[in-house]
Each structure stands twice: as structure tokens, then as C-alpha cells.
S.K.: 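One structure follows; several queries about it will come next.
All of these numbers come straight from a predicted model, not from anything done at the bench. Atoms within a ligand are numbered from 1 in the order they appear, just like the ligands themselves.
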Amino acid sequence: MAQARFATFLAVTSFLCTITHFQHMLVIANALPNDDLFALDVLSKLRTDHDSTMEASSDFGHIVQAIPNAVFYPTSPTDIAGLIKLSLSQPRPFTVAPRGRGHSARGQALAPGGVVVDMRSLAGRGGDHGHRVNVSSDESWVDAGGEQLWIDVLRATLERGGGLAPRVWTDYLRITVGGTLSNGGIGGQAFRHGPQISNVLELDVVAGTGEMLTCSPDKNADLFFAALGGLGQFGVITRARIALERAPKRVRWVRFAYSDARSFTRDQELLISRRDSEPGFDYIEGQVQLNRTLTEGRRSSSFFSASELDRLTNLAVETRSSAIYFMEGAMYYDDDDTAAFVDQRLAMISEDLSFVPGHAFVRDVSYVEFLDRVGRDEQKLRSAGVWDVPHPWLNLFVPRSRVLHFDAGVFKGVLKDARPVGPILMYPMNRDAWDDRTTTVTPPDDDDVFYAVGLLRSAVAAGDLERLERENAAVLEFCDRAGIACKQYLPHHDSQDGWKRHFGEKWGRVEAMKRKYDPRAILSPGQGIFPAAAAASHDSV
Ligand SMILES: Cc1cc2nc3c(=O)[nH]c(=O)nc-3n(C[C@H](O)[C@H](O)[C@H](O)COP(=O)(O)OP(=O)(O)OC[C@H]3O[C@@H](n4cnc5c(N)ncnc54)[C@H](O)[C@@H]3O)c2cc1C
Ligand SMILES: *[C@@H]1O[C@H](CO)[C@@H](O)[C@H](O)[C@H]1NC(C)=O
Ligand SMILES: *[C@@H]1O[C@H](CO)[C@@H](O)[C@H](O)[C@H]1NC(C)=O
């Protein structure tokens, strides 16, 4: 027995010697006495080689970089619990950042000098998504691993019961269940069903204490609501139970153009006020096209043809507006709905709208083609070499009562002469579809509607990043000065004061939940909300 233990100790020690940056950080003696095999198993899934650590040291934003000491490749949630326990057994715990696909913009999934957990490895290599996507026998929900991409959840649920699907989608599907649920998960279906976090029934979470907990509104409810929108601060989501609906087969996908913000927002708000039974869209978003985007941008569009873009440009010129808008709607239907029936429904909806006459653009696509539209944009941008560029994205929730003021100050003010470098999204959502118990922050609730405004811009030329960052700062400053109570979505704040203001009345709860579920503040340090209890910063590379 003693000999076996000694052998394990030697194995651990020799393994550690191959770990160059990490060895002097870990105090293995602490982990060994009770749990030596366990520690060995954890260590065997850590890698410190250059390729692993470099891959985990940047993200989609390409703005910040930070090298972890190691990358962890778990094959089960238990492995993640083991890693966290190993960290907590250290005199100075190391930080642990789950990384979905690193589609964050500002280093939120990085762990400077700590350990990044490559969530992908939970899915394994087997077919059938490694048993990480299961539909319930009554077909009302799907259990998906936190590491799963939404596109894979879609593929798996479509195969079941004549085609099932989650109800709310982000615009882009190559992001993970755990990553979006840690933020909120918004898209054109959220006006009706709320964000993705309003459609979750249960979670498995490995808390920052190393405990593996199942939680729901009835069980460990405080952890459930903390983790939803929790920016990775309380635990690692390893499974989410997500509500399903019957998937439609096809989608009538339309864009209506407007030359003024007032009628654009009025129509959007009219349509999101219609609930299931009334004629309306199943998805509503919208975009702002700055004049220069149209006249100079000319980026390939996956929706508009060249001649349609010409018409939109003419519209901007004729109306002398520095921005035009288009509302985007999608109407779901099935194979047995006749084209005439679908046309008639669309005509009924259009009658009530006040877009510029003759400026409705209609497409007809399969449900999957519709949901995966940004996947096609990605392919185009990749082949043009403008995908892996800096993305200083700014996403804001803007109160409905101030949205025209925001439009005037931002699109016709701060960004008036902004160069075309990516889409600007703008669409309203109904507040009552949000659950205030979750951690995600929305604007003050004197409005029953708020807008999501996404400045999704890319830095493609020298100097762009600095200029875009200045413009972002000017937008935030404008909101501050004008007293528009904007809240950042996918938030980034430089100081804890900034975070306190961000969370507002939720801050007390956020702090209390942190003390309870991640008392050493080891999780998702890249968010910069809580300083790690004992950061091993001078050991970092
Ligand atoms: C092209 C594009 C389009 C997008 N469109 C939308 C959109 O329409 N709507 C929308 O809401 N968002 C959208 N996003 C933003 C997206 O939700 C975020 O990037 C989000 O972070 C998910 O990315 P990820 O899965 O790679 O997570 P990561 O960036 O890897 O992680 C995000 C944060 O969550 C933590 N985390 C990751 N996994 C877990 C887990 N399992 N448990 C706990 N914490 C975890 C990380 O530590 C990090 O702090 C878009 C992003 C891109 C790049
Ligand atoms: C799916 O079901 C299998 C078999 O019951 C189980 O082992 C696995 O953990 C489940 N996966 C998820 C993500 O719940
Ligand atoms: C729109 O852009 C064109 C070309 O850059 C410019 O000539 C025109 O003045 C702009 N119009 C407005 C209203 O800003």
C-alpha cells in the first residue's frame, strides 16, 4: 500500500517535471494524501505545450491576449470538479476559465497564468455527440452538454419526433450552450420566448467549491439563477435542459426598408406586441445602415442582391438620410402550407406597416438555412481574410423611451461619419419575457420594452481598432451625458466600480453568490469582476 502510494507520488512528480511552467505553482503534497490517484488523473489531462496554451490565449475579439499556464482537457464533469479541487488545495489557488469556443470579444474566457478548460473535450470523439445531447421521451426538452455548439443541438433535435428545436436562437450557432447561457442568449425569437436563459429548465453545474450540483427553479434555485447570465462566475455549466418546440420546415424571410427611425421602431414595436394567436412574425430583428455603409461599404451581403443594394443606396440619397433602417422578420411555416396561404399571411402583416413602399425584400428558405445564415457569412468573411481580425463589439440594451434620442445622438451624431465595418443590429424585446431572478442585467424597468443595439464592427485596416474603440467610448459617454440608462450586454468593465454600476441592485446578490459558490474567486477571471483571492500573477508567463 505504502509502496503503491510512493509509486504514484513518483509518477506524479515525474509527470510534473515535464510541466515546465506549472510545476513550481502546484503543491502536490497537499492533494496527495487523500486522493493521490485522483490528482494523478487530473494532472494527466493538463497540457502546457506551446500549441495548447497559445490556442487558449486569445479569442474572437483579438483585442486582449493572455497566456494560461496550462490547458485542461476534461472527459467528464467529474474531471472539472477534480481540477477545481486541486486548485483549492493549493496555498495559492490557480484560476480556472471554461472556454466554450472563445467567441468572446474581450478575453472573458482567458485565464492569465491559470488554467483554461477546453470544454470541447467533454464531447469526446464518438458519434451521436458522445451522448451529450438527449431528447426527452415526451419530446418537451433536450439535455445538452454545456460544451455543445447550438448548431449541433439543432441537428440532433431535428432528427427527433418529426423535427424538434429549441425556441430561441442567437444569430450565430457556432457558440456553445454554456457560453451563451452564461450571458443570456438573445435573438429574433426573444421578443416572444425571452432570451435563451428564460427557456432553461435545469442545469448541472460544477461550482467553484468543486461541488457538482443539479439546479432548477425548485432545487438549488439560487445557483440556478446565478449561473444563468452569470458570466462564468459561480460554476461551470456541464449540462442544460432546454425547452423544445416543433420545428417548422420553412421560413419566409423578409426585410422592410425605412428612411426614418420613428416608423422603423413603431413597426417593430407593433409586431413584438403581437402574441402567438395574432398574425405576426416568429422572429423580429432589424439593422441600421449608415449612409457610408451603403455608399462605400459594398460588402457582400448574404441577403441583398447587388441591384437591391443599389435601390437601398438610392433611397438613402433621395431621402438625404444619414442612415436607413431595415426591419427583418421571419414567418415559420410547414410543407403542407400552400404558397398562397403564406403569401396571404405576409400580406396581412404588411398592410399594417409603414415601410417605404416598394421596399420589401422577400426570401424563402429552409428553417436550417435561416438559422445558420451567419454561418454562411462566416465562410465568406473567412475567405476574404476578414474573420480573424479585431472585433471591438459593443452591445447595449437601450430603454424604449429613449431609443429615438439614442438614434439621433449615436447614428446621426457620434457615428455619423463612421466608416463601414460591420453590421449594426437594433431590435426590441418584451421585458416580461425576462426573468429578473437571473444574473443578466436589463435597463431599469419603467419601460416594458427595451432595444438590443449591437455595434458589431471589425477592425480591418491599420488604425481601425483605436478609432472604433474611441467611437465606442464616445457612444457610452453620450448615453451617460444624456442620462440614457443603457446596460451593456456581453459586458466589459475595467473596474469593480464599473461592475457595481452595471449590476445595480443585483450587485449585492452577485457578491453573496460569489462568496457562496466561488469563495476563492477562481472562476472565469477574464471577466475582471472579482480579483482572484490570491492571483499567482508573478508566476505567469
Ligand atoms: C459571430 C457572432 C455572433 C454572435 N451572435 C450573438 C447573438 O445573436 N446573441 C447572443 O446572445 N450572443 C451572440 N454572440 C455572442 C456569444 O453569445 C458570446 O460570444 C458567448 O461568449 C458565447 O461564446 P462561446 O460559447 O465561445 O463562449 P466563450 O467566449 O468561450 O465564454 C464566454 C464566457 O463564459 C464562460 N463560459 C464558457 N463556457 C462556460 C460554461 N460551460 N459554464 C460556465 N461558464 C462558461 C467563459 O469563461 C467566459 O467567461 C455572438 C458571437 C459571435 C462571435
Ligand atoms: C444522455 O444520456 C446518456 C445515457 O442515459 C447519459 O449517459 C448522458 O450523461 C446523457 N447526456 C446528457 C448531456 O445529459
Ligand atoms: C451619404 O454619403 C454620400 C457619399 O459618401 C455623401 O455624398 C452624402 O452627403 C451622404 N449623405 C448624408 C445625408 O450624410
Side-chain angles (χ1 to χ4, degrees), residues 56 58-61 74 76-77 80 95-111 114 116-120 122-124 128-136 141-150 153 156 168-190 195-197 202-208 214 226-242 285 371 373-375 377-378 381 387 391 393 395 422-423 425 427 440 452 454 456 458 489-492 518 523-529:
S58 69
D59 61 16
F60 178 77
S76 71
I80 298 174
T95 56
V96 173
R99 175 186 178 88
R101 285 300 183 283
H103 272 103
S104 294
R106 291 181 188 273
Q108 286 92 336
L110 307 185
V116 167
V117 180
D118 188 336
M119 294 296 287
R120 272 181 309 192
L122 276 185
D128 205 16
H129 312 280
H131 288 295
R132 300 285 295 160
V133 186
N134 297 328
V135 173
S136 68
W141 48 255
V142 60
D143 269 342
E147 77 290 350
Q148 291 294 313
L149 295 178
W150 284 98
V153 176
V168 185
W169 297 96
T170 50
D171 296 343
Y172 178 60
L173 305 184
R174 281 149 178 93
I175 46 185
T176 64
V177 167
T180 67
L181 295 184
S182 295
N183 282 291
I186 57 167
Q189 299 88 356
Q196 289 178 328
I197 51 171
E202 189 177 280
L203 296 173
D204 281 347
V205 174
V206 185
T214 296
L228 293 174
L231 306 175
Q233 294 305 297
F234 311 100
V236 179
I237 297 169
T238 55
R239 175 184 62 96
R241 180 165 292 177
I242 300 156
E285 287 195 8
L371 292 181
R373 60 200 179 278
V374 178
D377 293 342
E378 175 182 1
L381 294 171
W387 179 262
H391 296 103
W393 286 8
N395 286 276
L425 306 187
Y427 58 91
T440 307
L456 310 184
S458 308
Y489 175 63
L490 308 168
H492 168 75
D518 181 21
L523 292 176
S524 295
Q527 298 278 1
I529 305 173

S.K.: Is the closest side-chain heavy-atom distance between H103 and Y172 below 4.5 Å?
M.R.: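 Side-chain contact under 4.5 Å: yes.
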S.K.: Around atom 6 (C) of ligand 1, find the nearest protein heavy atom and jot down its residue, atom name and distance.
M.R.: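 So the nearest neighbour among protein heavy atoms is T170 CB, 4.0 Å.
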S.K.: Check whether any side-chain heavy atom of L231 sits under 4.5 Å from a side-chain heavy atom of P491, and report yes or no.
M.R.: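 Counting from C-beta outward, L231 and P491 do come under 4.5 Å.
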S.K.: Is it the side chain (CB and beyond), the backbone, both or neither of W393 that lies under 4.0 Å from ligand 1, heavy atoms counted?
M.R.: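 Just the side chain.
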S.K.: Between I237 and V177, is there a side-chain heavy-atom distance shorter than 4.5 Å?
M.R.: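 No, every pair of side-chain atoms sits at 4.5 Å or beyond.
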S.K.: Can you tell me which portion of L523 lies within the under-4.0 Å heavy-atom range of ligand 1? Options are side chain, backbone, both, or neither.
M.R.: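 For L523, there is no contact with ligand 1 at all, from either part.
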S.K.: Measure the distance from atom 48 (C) of ligand 1 to every protein heavy atom, then report the residue, atom name and distance (to 0.1 Å) of the closest one.
M.R.: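 For atom 48 (C) of ligand 1, the nearest protein heavy atom is Q108 O, 3.3 Å.
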S.K.: What I want to check is whether the side chains of W150 and T170 have a donor and an acceptor closer together than 3.5 Å.
M.R.: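 Result is no, nothing qualifies.
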S.K.: Looking at ligand 1, does any of its N/O atoms fall within less than 3.5 Å of an N/O of R99?
M.R.: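 By distance alone, the answer is no.
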S.K.: For ligand 1 and W387, I'd like to know whether there is a polar contact (N/O to N/O, distance under 3.5 Å).
M.R.: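 No, since none of the N or O atoms of W387 sits under 3.5 Å from an N or O of ligand 1.
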S.K.: Tell me which one of Y172, W150, W169 gets a heavy atom nearest to atom 1 (C) of ligand 1.
M.R.: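 Comparing heavy atoms across Y172, W150, W169, the nearest one to atom 1 (C) of ligand 1 lies in Y172.
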S.K.: How does L181 reach ligand 1, if at all, at less than 4.0 Å between non-hydrogen atoms: by side chain, backbone, both, or neither?
M.R.: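 Contact part for L181 vs ligand 1: neither.
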S.K.: With nothing but distance in play, are any N or O atoms of I237 less than 3.5 Å from an N or O of ligand 1?
M.R.: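 Checking ligand 1 against I237, an N or O pair does fall under 3.5 Å apart.
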S.K.: For atom 27 (O) of ligand 1, which protein heavy atom lies nearest, and how many Å away is it?
M.R.: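 Residue, atom and distance for the closest contact: G179 CA, 3.7 Å.
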S.K.: Flag the pair M119 / I80 as yes when at least one side-chain heavy-atom distance between them is below 4.5 Å, and no otherwise.
M.R.: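 In short, these two side chains touch, coming nearer than 4.5 Å.
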S.K.: Considering only non-hydrogen protein atoms, determine which one is nearest to atom 15 (C) of ligand 1 and report residue, atom name and distance to 0.1 Å.
M.R.: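 Checked against all protein heavy atoms, atom 15 (C) of ligand 1 sits closest to L490 CD1, 3.8 Å.
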S.K.: Looking only at distances, can you tell me whether any N or O atom of V236, backbone or side chain, sits closer than 3.5 Å to an N or O atom of ligand 1?
M.R.: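 There is no such contact.
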S.K.: Between Q233 and S524 (side chain of the first, backbone of the second, donor and acceptor by atom type, cut-off under 3.5 Å), is there such a pair?
M.R.: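 Side chain of Q233 to backbone of S524, a donor-acceptor pair under 3.5 Å: yes, one is there.
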S.K.: Which atoms of ligand 1 sit under 4.0 Å from any heavy atom of Y489?
M.R.: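 Taking each heavy atom of Y489 in turn, ligand 1 has 10 (C), 11 (O) under 4.0 Å.
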S.K.: Return the residue, atom name and 0.1 Å-rounded distance of the protein heavy atom closest to atom 9 (N) of ligand 1.
M.R.: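 Sorting protein heavy atoms by distance from atom 9 (N) of ligand 1 puts I186 O, 2.8 Å first.
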S.K.: With salt bridge (Lys or Arg N to Asp or Glu O under 4.0 Å) as the test, would you mind laying out the steps for D143 and R241 before giving the verdict?
M.R.: CA-CA 4 Å; D143 269 342; R241 180 165 292 177; 3.0 Å; yes
S.K.: So do R101 and R120 actually touch side chain to side chain, heavy atoms under 4.5 Å?
M.R.: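 Side chain of R120 against side chain of R101, heavy atoms only: contact under 4.5 Å found.
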S.K.: When you look for heavy atoms under 4.0 Å from ligand 1, do you find them on the side chain of E147, its backbone, both, or neither?
M.R.: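 Neither; no heavy atom under 4.0 Å.
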S.K.: Quick test: of every protein heavy atom, which one is nearest to atom 24 (P) of ligand 1, and how far off is it to 0.1 Å?
M.R.: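 Minimum-distance protein heavy atom for atom 24 (P) of ligand 1 reads R101 N, 3.6 Å.
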S.K.: At a 4.0 Å cut-off, with the gap strictly under it, does some heavy atom of D59 reach an atom of ligand 1?
M.R.: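 Flag not set, D59 not near ligand 1.
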S.K.: Taking only heavy atoms of N183, which atoms of ligand 1 are found under 4.0 Å from at least one of them?
M.R.: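 Per the distance check, 20 (C), 21 (O).
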S.K.: Could you list the atoms of ligand 1 found under 4.0 angstrom from a heavy atom of G232?
M.R.: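 The atoms of ligand 1 under 4.0 Å from a heavy atom of G232 are 44 (N).
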S.K.: I'd like the name of whichever of V133, V135, L122, N134 reaches closest to atom 12 (C) of ligand 2 through any heavy atom.
M.R.: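 Answer by nearest heavy atom: N134.
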S.K.: Would you give the length of the straight line joining atom CZ of R239 to atom CG of N134, rounded to the nearest 0.5 angstrom?
M.R.: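 The CG atom of N134 is 9.5 Å from CZ of R239, to the nearest 0.5 Å.
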S.K.: Measure the distance from atom 30 (O) of ligand 1 to every protein heavy atom, then report the residue, atom name and distance (to 0.1 Å) of the closest one.
M.R.: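 Protein heavy atom with the smallest distance to atom 30 (O) of ligand 1: G100 N, 2.7 Å.
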S.K.: Check whether any side-chain N or O of Q189 sits under 3.5 Å from a backbone N or O of W169 as a donor-acceptor pair, and report yes or no.
M.R.: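 Yes; judged by distance alone, with no hydrogens or angles, the pair exists.
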S.K.: Geometry only, no angles: is P98 polar-contacting ligand 1 at N/O separations under 3.5 Å?
M.R.: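 So ligand 1 has an N or O lying under 3.5 Å from an N or O of P98.
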S.K.: Passes side-chain contact (heavy atoms from CB on, under 4.5 Å), F234 versus D518? Steps please.
M.R.: CA-CA 6 Å; F234 311 100; D518 181 21; 5.7 Å; no
S.K.: Considering heavy atoms of the protein only, find what lies nearest to atom 13 (C) of ligand 1 and give residue, atom and distance to 0.1 Å.
M.R.: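 Scanning the protein heavy atoms, the shortest distance from atom 13 (C) of ligand 1 goes to I175 CD1, 4.1 Å.
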S.K.: Quick one: does G235 get within less than 4.0 Å of ligand 1, heavy atoms only?
M.R.: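 Contact present.
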S.K.: Tell me whether atom 14 (O) of ligand 2 lies less than 4.0 Å from at least one protein heavy-atom position.
M.R.: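 It does; a protein heavy atom is within 4.0 Å.
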S.K.: Work out which heavy atom in V205 is nearest to a heavy atom in A227; give both atom names and the distance.
M.R.: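 Shortest heavy-atom separation between V205 and A227 comes out as CG2-CB, 4.4 Å.
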S.K.: Can you report which non-hydrogen protein atom sits closest to atom 9 (O) of ligand 2, along with the distance?
M.R.: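 Ranking protein heavy atoms by distance from atom 9 (O) of ligand 2, first comes H131 O, 4.3 Å.
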S.K.: Evaluate the 4.0 Å heavy atom contact test for atom 2 (O) of ligand 2: does a protein atom fall under the cut-off?
M.R.: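 Yes, at least one protein heavy atom sits under 4.0 Å from atom 2 (O) of ligand 2.
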S.K.: Contact between G185 and ligand 1, counting heavy atoms under 4.0 Å?
M.R.: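 Judged by the 4.0 Å heavy-atom criterion, G185 does count as contacting ligand 1.
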S.K.: Does E285 use its side chain to pair, donor to acceptor, with the backbone of G188 at less than 3.5 Å?
M.R.: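 Yes, E285 side chain to G188 backbone: donor-acceptor pair under 3.5 Å.
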S.K.: Identify the heavy atoms of P195 and G184 that sit nearest to each other, and give their distance.
M.R.: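 Shortest heavy-atom contact: CB-O, 3.6 Å.
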S.K.: If you measure from atom 31 (O) of ligand 1 to every heavy atom of S104, S182, G526, which option wins on shortest distance?
M.R.: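 The nearest heavy atom belongs to S104.
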S.K.: Can you tell me which portion of E378 lies within the under-4.0 Å heavy-atom range of ligand 1? Options are side chain, backbone, both, or neither.
M.R.: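 For E378, no heavy atom sits under 4.0 Å from ligand 1.
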